[in-house]
> 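Below: one structure in C-alpha cells.
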Amino acid sequence: MFFRLIYRNAKRSRQENLIYFATLVTAVASFYMILSLERQDVILYLRDFESMAVDRLFALMPILYGIALFLLFFLVLFANRYQLDRRSKEFGMYLMMGMRQRKLFALLLAEGLLTSLFALTIGTVIGGILAEMISLATSRLIGQGIIDHQPSFSLVAVAYTAVGFLFIQVLALLFLSVQLFNRELQQLLNGQVSKKQALGTTKTNSLTFVAGLIILIVAYYLALRYFWLVNNLMISLSVILGIIGTILLIRGLARLLNSLAMKTKQTQGLRIFTLRQLQENIANRAISVAVSSLLMMLSVMFLAEGAATILSSGDNLNRESSVYHFTLLGDNKEIEKVLTSAELAPYVDHLNPLTLGYNQTADQVDWSAFRKEIVDHLPEGVVDPQVAEPGVYNISTEIPEMENILGLVDSQIGYLITESGYNRILEASNQPTIQLTDDQVALYVNPIVGHANQPELNQLLVENKDQPLLKLDGQQMRILPNLAMKDLVTDRSITIMAALVVKDTRFQQLVKVENRETYWNFRLPQTLIDRDGLMTPMKEANDLLNDKGFYVESYLQNFGRHLFYVVAGSYTMLYLAFLFLVIGCTVLALQFLTQLKQTKSRYKTLSFLGAKADQMQDSLKKQVASYFLFPLIPAMVSGTVGITAMKTYIRYNADFLPSISNMLPFVLMMVGTFLLVQWVYAWAVYKTATRDIA
C-alpha cells in the first residue's frame, strides 16, 4: 500500500507539474553535457597534439563540476519548494490522519528518488543527444574537415551525473522537509496566504524608479569607461551599482502599475485586474525578479562571448597566410638527409630551407626618409609616438596599419631574409616571385599584425617606387611594393614581426654565419592530399618525424593549439550561459505559479461575478508575458553593455575579429535559442496556470 502510494504520487507529480519535472530533466542533461566533454570529437583529437593542455583543462573540471553542482542545487531547491508548497494541504491531511513525520519524510524521499530515476533516464538521453549534436556541430564548424565525428556515450559521465544529481536532490528534500515540518498543521492545511503589501505612494514609487534608472546609467558608464583599464575598484562599483539599480528599477516600475491601474479609464475586460495581479507578482518579489534579470544578463554575455569565440576561430584556425605543413629545426645535414630519404620523400613537396639572420649593422640603417613618409600617411587624429610619448609603441590588429608600420620601423628592423628563400615561399603559395635589383629590398611584415597584404603600405610604396626610402650599409635602397605577406614557418618557432628581404649575395655580406638560422619547411604533395585527405598523410608524416630527434612543428599542432583555446573558452561560456538562463527562467516560472496558488481564490470570485473563462485566460496570458518581459528587457540592455565592455577588454589586441556579415547567421541562431527558451518557459507557465484556475 505504501509503495503504491509512492508510485501514484510520483506519477501525479510528473503529470500535473511539467515545469518541476522538466527542471529536473534539465539539471540531469546539464550534468551529462559537461561531464561527457572528454568524449567529444574535438577533445579526442586534441589529446594527440595538446595532451598537456587538455590534461590541465580536465584538472580544472572538478571546479566547473562543483560550480554546476552548486547552481543546480538552487535550481532543484526552487523546483522542490514549489512542488512541496502546492501539496502542503495533502501533507497536512497525512499528518492529521496519524502519519508520523519520519514516515512522511520517507514518503517524500521515495517519491523524489523515483521521480529522479525517471528524470535521470530522460535527462541522460536528452543530454547524450545534445552532446552528440554539439560534438558534430563543433567538428563541422571549427574542425576544418580535419576532425571526424564518431558517435560516443560516456558511462563515466552517466555515473557522475547520477551521483551528483541524486545528492543535490536528497539534500534539497532534506532542507525543505525541515522547513515543512516546522509549520503548524493549520498552515499546512490552509497553505501560505499572500502577504498584504505596502504599495507606497506614486511619488515614492516614481522616485524609486528614477533612482534605479540613474544608478543603472552610472553603472553602465563605469563599466564602459573603466573595464578596459582593468580598474578593479571601478568594475566592482559598477557591478554593485548595477545590482542595486536593477532591483530599484524593477521594484519602482512594478509598484507604479498600481497607480496606472487606479488612473486608467479603460475598464473593459479585466485590464485593472491584470495590472493589479502583475504589480502584486513583482513588487514584493523585486529581489527574485532582479536576480532572474541578472542571471539572464550573464547568460546574454556568456552566450555572446562563447559564440564570438567560435565564430572568430575560423580565421585563426585557417589563416590564408599559412603556407607550410611542417617546419623542422636542428642539424641541417641530418634534416636534409632524413627529408630526402626514401621513407619521407613521398610526403615532402616544396622543400624550403629558409635561412634568416640578424643584421649586426641594423643600427646603421637609415630609416628617416621612409619614416617621414609613414608619418605623413598616419590617419587623422593619430600622433607620432615620438612626439606624444617617445619610445612607447603598441602593435596590434586594433591599431591603424600605418601606426603599426611606424612602430616596427622605430623598433629598428634587424632581421634579413634571403630572396631565394622567400621566393620559394611564394612559389609554394602560388604567388608571383620577386626579382630584386642591386638597389632594392622588400619589406616583410608578419601577417599576425593583421591588415592583410598591408594595402596602405603598398600604396605608399607604389607612390615612392622610384625613390630611395632607406640606406642599408651606406647604400641608398628602394623598397619593392606589393610583396605578398606569408607565414615564414608552420607555427610559432619564430616570432619575427618584420624583416627585410634582400638579395642572397647581400645577405652573405651582412649576416655572419653564427647569426644565421635555417628553418626547413615543406608541404605535403597535393596528389597525396587529394587521394587520402589531409589528416591521414599528415599524421603518418608526423609519426615518422617524431622519433628523429629534431624540433618539429606541424600544421596539426598549430591547429590543435588554437582549437584548444576555442574549445576551452567557448564550451565553458556556452554551458554557463545555458545554465544561467535555465535557472533564471525557472525562478520566474515557479515564483509566478506560487503567487497564483496563493491568489487562486480571486479567479473563483471573478467567475462568480460573471467573468468568462476566455477573459481570465487572456488576463493570464498578458500577466505571464509581462512578467517575463520585466526582467528580460533590463537584462538585454545590461547584457549589451557588458558585451561591449568585455569585447573592449577581452578581445583587445586579438588577432581576429569576425565580420558582422559572417557572424549574423550564428548570432541570430543564438538569439533565437535564447528567446525560444524564454517562450517555452512562458508557455509552460501559462498552460499550468490555466489548468490551476479551471
> Indicate yes or no for a side-chain donor-acceptor contact from H325 to the backbone of L524 under 3.5 Å, with no hydrogens or angles considered.
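It does hold such a pair.
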
> Any side-chain to backbone donor/acceptor pair from D331 onto E334? Under 3.5 Å, distance only.
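Yes; at least one donor-acceptor contact below 3.5 Å.
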
> If you take all heavy atoms of F507 and L356, which pair is closest and at what distance?
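What the structure gives for the nearest pair is CZ-C, 3.8 Å.
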
> For residues P346 and L528, report the shortest heavy-atom separation together with the two atoms involved.
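In terms of heavy atoms, the two residues are closest at O-CD2, 3.9 Å.
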
> Quick one: sort the Y358 and Y415 rings into parallel, tilted or perpendicular, breaks at 30° and 60°.
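Y358 and Y415: perpendicular rings.
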
> Of the non-hydrogen atoms in V501 and L436, which two are nearest, and what is the gap between them?
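Looking at all heavy atoms of both residues, the closest pair is O-CD1, 3.4 Å.
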
> Do you know which two heavy atoms are closest between E427 and T433, and how far apart they sit?
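Result for this residue pair: CG-CG2, 3.6 Å.
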
> Give a yes or no answer on whether the side chain of T327 reaches the backbone of E553 with a donor-acceptor pair at less than 3.5 Å.
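No, because the side chain of T327 does not come within donor-acceptor range (under 3.5 Å) of the backbone of E553.
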
> Tell me if a side-chain donor or acceptor on E343 pairs with a main-chain N or O of L544 at a distance below 3.5 Å.
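No, because the side chain of E343 does not come within donor-acceptor range (under 3.5 Å) of the backbone of L544.
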
> Just so I know, are the side chains of Q508 and R516 near enough to count as touching, which here means a heavy-atom distance under 4.5 Å?
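Heavy-atom side-chain distance check passes, below 4.5 Å.
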
> If I take atom CG from residue D366 and atom CG from residue D473, how far apart are they, to the nearest 0.5 angstrom?
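So the gap between those two atoms works out to 12.5 Å.
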
> Would you compute the distance between atom CD1 of I417 and atom CG of D504 and round it to the nearest 0.5 angstrom?
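Spacing of CD1 (I417) from CG (D504) equals 11.5 Å.
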
> Quick one, M497 with V445, criterion side chain to side chain contact (heavy atoms under 4.5 Å, CB included). Give me CA distance, side-chain angles, the key distance, then yes/no.
CA-CA 6 Å; M497 299 301 292; V445 179; over 6 Å; no

> One pair to check against side chain to side chain contact (heavy atoms under 4.5 Å, CB included): W520 and L329. What are the steps and the verdict?
CA-CA 6 Å; W520 294 78; L329 189 62; over 6 Å; no

> Kindly say whether L426 contributes a backbone atom to a donor-acceptor pair with the side chain of S429 at under 3.5 angstrom?
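Yes; judged by distance alone, with no hydrogens or angles, the pair exists.
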
> Pick from N521, V348, L545: which one makes a side-chain contact (heavy atoms from CB on, under 4.5 Å) with F326?
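Of all the options given, the one that passes is L545.
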
> Evaluate the criterion side-chain hydrogen bond (donor to acceptor under 3.5 Å, both in side chains) for residue pair Q526 and R531; output intermediate values, then yes/no.
CA-CA 9 Å; Q526 189 60 44; R531 188 188 69 191; over 6 Å; no

> Checking the side chain of R523 only, and the main-chain atoms of V323 only, is there a donor and an acceptor separated by less than 3.5 Å?
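Indeed, once roles are kept as given, a pair shorter than 3.5 Å links the two residues.
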
> Checking side chain to side chain contact (heavy atoms under 4.5 Å, CB included) for the pair L510/V502: CA distance, chi angles, key distance, verdict?
CA-CA 10 Å; L510 296 176; V502 300; 5.6 Å; no

> Nearest 0.5 Å please: distance from the CD1 atom of I425 over to the CD atom of Q431.
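The CD1 atom of I425 sits 11.5 Å away from the CD atom of Q431.
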
> Give a yes or no on whether the backbone of I434 and the side-chain of N423 come within a donor-acceptor separation of less than 3.5 Å.
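Answer holds: yes.
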
> Report the distance from atom CG of L354 to atom OH of Y422, rounding to the nearest 0.5 Å.
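So the CG of L354 and the OH of Y422 are separated by 9.5 Å.
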
> Rounded at 0.5 Å granularity, tell me how far CG in L470 sits from CZ in R371.
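Separation between the atoms: 14.5 Å.
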
> Do L328 and L339 touch side chain to side chain, with heavy atoms closer than 4.5 Å?
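Yes, their side chains come closer than 4.5 Å.
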
> Roughly how far apart are L461 CG and L443 CG, rounded to 0.5 Å?
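Answer rounded to 0.5 Å: 7.0 Å.
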
> Return the minimal non-hydrogen interatomic distance between P468 and A369, and the atom names on each side.
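Heavy atoms of P468 and A369 come nearest at O-CB, 4.2 Å.
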
> Might you point out which heavy atoms bring A29 and I126 nearest each other, and give the distance in Å?
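Between these two residues, the closest heavy atoms are CB-CG2, 4.4 Å.
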
> Can N352 and Y324 be counted as having a side-chain donor-acceptor contact under 3.5 angstrom?
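Per modelled atom types, N352 and Y324 side chains form a pair under 3.5 Å.
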
> Count the heavy atoms of every other residue, nucleotide or ligand shown that sit under 6.0 Å from CZ of F550, and state whether that count exceeds 12.
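Yes - once you tally the heavy atoms of other residues, nucleotides and ligands closer than 6.0 Å, there are more than 12.
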
> So do the side chains of Q475 and R506 get within less than 4.5 Å of each other, counting heavy atoms only?
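Result yes, sub-4.5 Å side-chain heavy-atom pair found.
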
> Which of these passes side-chain contact (heavy atoms from CB on, under 4.5 Å) with V441: I479, L480, L483?
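Per the side-chain contact (heavy atoms from CB on, under 4.5 Å) rule, the option paired with V441 is I479, out of I479, L480, L483.
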
> Kindly determine whether I374 and H377 satisfy side chain to side chain contact (heavy atoms under 4.5 Å, CB included), including the steps that lead there.
CA-CA 5 Å; I374 296 174; H377 285 75; 5.9 Å; no

> Compare all side-chain heavy atoms of L500 with those of Y444 and state whether any distance is below 4.5 angstrom.
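No - every pair of side-chain heavy atoms lies 4.5 Å or more apart.
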
> Between E517 and Y519, do the side chains contain a donor N or O and an acceptor N or O under 3.5 Å apart?
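No.
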
> Under 3.5 Å, side chain of K471 to main-chain N/O of M477, donor-acceptor pair present?
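Judged by distance alone, no pair lies under 3.5 Å.
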
> Determine whether K503 and D438 make a side-chain contact, defined as any pair of heavy atoms from C-beta on separated by less than 4.5 Å.
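Answer yes - side chains close enough.
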
> Just so I know, are the side chains of N464 and F370 near enough to count as touching, which here means a heavy-atom distance under 4.5 Å?
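N464 vs F370: side chains apart.
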
